[in-house]
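So the structure is just underneath, and the comments pick up after that.
Naming convention: chains lettered A, B, ... in sequence-line order (proteins, then strands); numbering from 1 in each chain.
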Protein chains: 2
Amino acid sequence: MMTGWEDVRAEVLRRIRARDWAPGAVIPGEETLAVEFGVARATVNRALRDLAEAGLLERRRKAGTRVALLPVRRATLDIPVIRQEVEARGESYGHRVLARRMEAVPLAVAVRMGVAAGTALLFLETLHLAGGRPFAHEVRWLNPVVVPGGVIPDFDRVSANEWLVQNIAYTTGDIAFSAEAASGEEAAALGLCAGDPVFVTERMTWAAEAPITFVRLLHGPGYRLRTML
Amino acid sequence: MMTGWEDVRAEVLRRIRARDWAPGAVIPGEETLAVEFGVARATVNRALRDLAEAGLLERRRKAGTRVALLPVRRATLDIPVIRQEVEARGESYGHRVLARRMEAVPLAVAVRMGVAAGTALLFLETLHLAGGRPFAHEVRWLNPVVVPGGVIPDFDRVSANEWLVQNIAYTTGDIAFSAEAASGEEAAALGLCAGDPVFVTERMTWAAEAPITFVRLLHGPGYRLRTML
DNA sequence: GAGTGGTCTAGACCACTTG
DNA sequence: AAGTGGTCTAGACCACTCT
């Protein structure tokens, strides 16, 4: 029986897999499928929309719905607060603030944050610990302008990472992952040797045109960012 | 005016940001909001569902809808076929098959694929080129059982990456990213020095309980995996 | 048991895009 | 100009889960 939108999605998926509907081909319209499956058009719409979000269908008004020629795989990454990430591994979390001062941003950071070169922002350096051992090294520039009330905590109790998530709700931004060789200082902080490969996460966040913070996070060897497809 | 579900979403988002609805607090029910906003309940439902998918709200029947205490940031990664990735950079794509033979899988791979140690699978080694220069090094084990008709191409024209996407439609799987030091062979293939940091992508895909393929993909320095938040 | 979100329906209008 | 997906509505029933 075809009773719900998930049944419709399953059947459509089956036809795609079975090549009943070939890659690149236009599939029947929503109304047609609704009649065939004996459900309301809205139900078909929900199913097709879901498959389109997953990258298997391409939908355009008037042009209709096509089976994607080269399905782009879409994976959803959950990016938790570091404390949660550590505790999810069953280890105790801790962090140490290594530096906290106003400082002129380097040019590379100024460009990425969209502020004038030489602007003074709050510079923070934090070491995140898992089970007492170094887990991640964080370097952050924070725009003090965006802090509500202008009161910036010292981040000894709550890390900047967690404090920002709780206090500067829902920002936009981008994130990039890469592999780099650890510099001498970075290696020392993480207990590695200079030149060891580190997993780098760089995140820039904005709130309504105003830059909030730029973070560079380093994880040592053994760190894996995982997700389901 | 509150005419569409995106308007409803925007207003709800505003209230979360403004702390009108505090983190952890239960917000009004769908029916209540529908009346307040002057829309149908389905419209409110669509808006709240979207925010829940984004990680900002937590919804449970009977319990109601709460503002997430520690919003988990969710990012969507698009994982295109390598050819598309290269061409999107405006470079010409090419690939060379370095090895293609049946081979007993190493233990580590057997475990991840869920096959008996020593099983013979198709082993493929491919170098992907961008503008004639090495872009990524791919090592893959492919389960020949899943190939329709049992006919496996030589992958000289179409890379295994692209062929699988087009011929083994929609599989489940997982993906993991990490940073490692290049081995001597890997470095040679990519034109690097042994020990240089490489960005590693490991992907395992399944189709209905049967393992399809395990891939290990290496990108040299300079490669960045990017997405919006 | 009862309250809340999850979903379905039938019909309608709208927006976009293509021919 | 017309066809297709996008969305809205009002009402209904269902499923889950908290008390």
Would you say [X] places a side-chain N or O within less than 4.0 Å of OP1 or OP2 belonging to [N]?
X	N	value
B/R59	C/dG6	yes
B/T43	D/dT7	no
B/R60	C/dT4	no
B/T65	C/dG5	yes

Over 12 foreign heavy atoms within 6.0 Å of CZ, B/R15: yes
Of the nucleotides D/dG6, C/dG5, D/dC18, which has the atom closest to the B/A63 side chain?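 It is D/dC18.
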Given C/dT18, D/dG6, D/dT9, identify the nucleotide with an atom nearest to the side chain of B/A40. D/dT9
Taking for each residue the nucleotide of DNA chain C with the nearest heavy atom, is it B/A42 or B/E31 whose nucleotide lies nearer the 5' end?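 So the residue in question is B/E31.
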[X] has an atom [atom1]; how far is it from atom [atom2] of [N], in whole Å?
X	N	atom1	atom2	value
A/R46	D/dC8	CZ	P	14 Å
B/N45	D/dA12	CG	P	18 Å
B/R49	C/dT4	CZ	C1'	15 Å
A/K62	D/dA1	NZ	P	13 Å
B/L48	C/dT7	CG	P	13 Å
B/L33	D/dC8	CG	P	15 Å
A/E6	D/dA15	CD	P	13 Å
B/F37	D/dT9	CZ	C1'	17 Å

Look at all strands and tell whether A/R41 reaches a base, only sugar-phosphate, or nothing, counting heavy atoms closer than 4.0 Å.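 Contact class for A/R41: base.
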So, A/N167 side chain and A/W163 main chain: donor-acceptor pair closer than 3.5 Å or not?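 Yes, A/N167 side chain to A/W163 backbone: donor-acceptor pair under 3.5 Å.
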Provide the closest heavy-atom pair for B/W141 versus B/T213 in the form atom of the first, atom of the second, distance. O-OG1, 2.9 Å
Is any side-chain heavy atom of B/V12 closer than 4.5 Å to one of B/L48?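 Yes. Closest side-chain heavy atoms under 4.5 Å.
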Would you say B/E202 and B/F214 make side-chain contact, with heavy atoms under 4.5 Å? yes
